[in-house]
Amino acid sequence: MNINGKISFLDLVTPHQGLEEELVAVFRRALTTAGFVGGPMVEDFEHEFAEFCEVQHCVGVGSGTDALRFALIAAGVKPGDTVVTVPNTFIATTEAISQAGARPDFVDIDERTYTMDPEKLRSYLETECKRDVQTDRVVNKRTGSPVTAIIPVHLYGQMADMDPILDLATQYNLIVVEDACQAHGAEYFSKKEDRWRKAGSMGRAAAFSFYPGKNLGACGEAGAVTTDDERLARRCQMLRDHGQSRKYFHDIEGYNGRLDSIQAGLLRVKLRHLRNWNEQRRERARDYDELLADTEGAVILPHVPSWSRPVHHLYVVRVADRERLQRDLAAVGIGTGIHYPNPLHLQKSYQHLGFQKGDFPVSERTAAEVLSLPMYPQLQIDQQRHVVQRIHEFLLSKPAGPLRPFLPTSATSKEDRP
Ligand SMILES: Cc1ncc(COP(=O)(O)O)c(C=O)c1O
């Protein structure tokens, strides 16, 4: 509990307190060496983060949005292409698609994991697309636009079901760019490969955000692309730096999307603690699971399939009367979040894509029910007990009536494989 009895949704002060000397030393080093852009701090961080993600290359960039945009362009997405993702994600995923000149399209999420449902992806490719015999590409029947890439989003710290997504990508010749912005260190058991794989290591490339509230957060804006593809990494290096192959030789037009050296230095200090912090998040999630176990379906808890080792960026529950619960918790000083209240296909900014209510029912339904509880490594068990006690009181105070039961989907059996 804070001094004032409040429990914040996020704590970005405590984790920095014990690290203050090391973090300030980074700033001093930048001042004494005038190393503000590029240089060894960025290169060292890139090297260490690539190792953490178990990939060959990491390219530090200005944000997660930069990382997604550069990864798509470098992987070969062209203006006029269609890139498929999910409606239940932060808008940066689709902004990056549009900024690459492509058109976002959606497939719905799985009701239990909240990530891309591979069966719906299959159905999209089989029924809404056709193969263009001349180009041997998959084309969206309605728009005539070639579908060239998929962005599975590893949401709330849990990876999407990658094996079937990658199989479909191979079958339909699609590029896969992982949106790993919420999943630093999350793991997926690939049955095909019979081993655990790290987020950011499975697609052609992946994007990470180091926005301050992420599991690995900078003290400002930062992001990274990870990949095993050397050419793609080289292209991202050029894209982030005005398309330069060497100073003032611009092979392509690029962007100003470099990773700030001070942020890279701060991230290096924090990266050393990431495994431990992720482990603490797992403990916090286990505590919530136990404390909320007796709500008998009135609160749907996060589902962790046997193929997933999540890092609990967020602890997201589902309740029928979400707005009232959020207000009740806020009234006693408990901060919560909603990720996300309005699915992307229904956003005003995407009206031109022509989607309607009812197009992606699982995303729409979960958007009305999800609530993110306070979650961070330093959260205390007595704070969690307090949050859960208030939830229990809320459930008791609710007027009698059926609580929305969990509706298992066809995905239930398939996603529980080891
Ligand atoms: C799923 C997802 N994708 C992309 C981004 C974009 O990252 P950034 O804010 O660093 O540009 C975020 C960050 O909030 C995110 O959560």
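Worth saying up front: this structure is predicted, and the values here are computed from it rather than measured. We count ligands from 1, going down the list as the structure has it; atoms in each ligand are counted the same way.
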What protein heavy atom is closest to [atom], reported as residue, atom name and distance in Å?
atom: atom 9 (O) of ligand 1; value: Ser209 OG, 4.0 Å
atom: atom 15 (C) of ligand 1; value: Cys181 CB, 3.6 Å
atom: atom 11 (O) of ligand 1; value: Thr65 OG1, 2.4 Å
atom: atom 3 (N) of ligand 1; value: Asp179 OD2, 2.8 Å

Is any side-chain heavy atom of Gln171 closer than 4.5 Å to one of Leu168?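 Result yes, sub-4.5 Å side-chain heavy-atom pair found.
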Got Glu187 and Arg197 here, is their nearest side-chain heavy-atom distance under 4.5 Å?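 They are not in contact (no side-chain heavy atoms under 4.5 Å apart), so the answer is no.
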Does any N or O of ligand 1 fall below 3.5 Å from an N or O anywhere on [X], backbone included?
X: Tyr211; answer: no
X: Gly64; answer: yes
X: Glu221; answer: no

Whether Lys214 lies under 4.0 Å from ligand 1, heavy atom: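 The answer is yes: ligand 1 sits under 4.0 Å from a heavy atom of Lys214.
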Is it the case that more than 12 heavy atoms not belonging to Lys348 sit under 6.0 Å from its NZ atom?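 Counting neighbours around NZ of Lys348, 12 or fewer heavy atoms of other residues, nucleotides or ligands fall under 6.0 Å, so no.
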If you count the atoms of ligand 1 from 1 in the order shown, which ones are under 4.0 Å from a heavy atom of [X]?
X: Thr89; value: 1 (C)
X: Ala92; value: 4 (C), 5 (C), 6 (C)
X: Thr93; value: 3 (N)
X: Ser63; value: 10 (O), 11 (O)

Do [X] side-chain atoms and [Y] backbone N/O form a donor-acceptor pair below 3.5 Å?
X: Arg234; Y: Ser245; value: yes
X: Gln383; Y: Gln380; value: yes
X: Glu193; Y: Lys191; value: no

Under-4.0 Å salt bridge between Arg268 and Glu48: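 The answer is yes: the pair qualifies as a salt bridge.
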Does Arg69 qualify as a cation-pi partner of Tyr255, given the criterion of NZ or CZ under 6.0 Å from the six-membered ring centre and within 45 degrees of its axis?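 Positive - Arg69 is close enough to the ring of Tyr255 and near enough to its axis.
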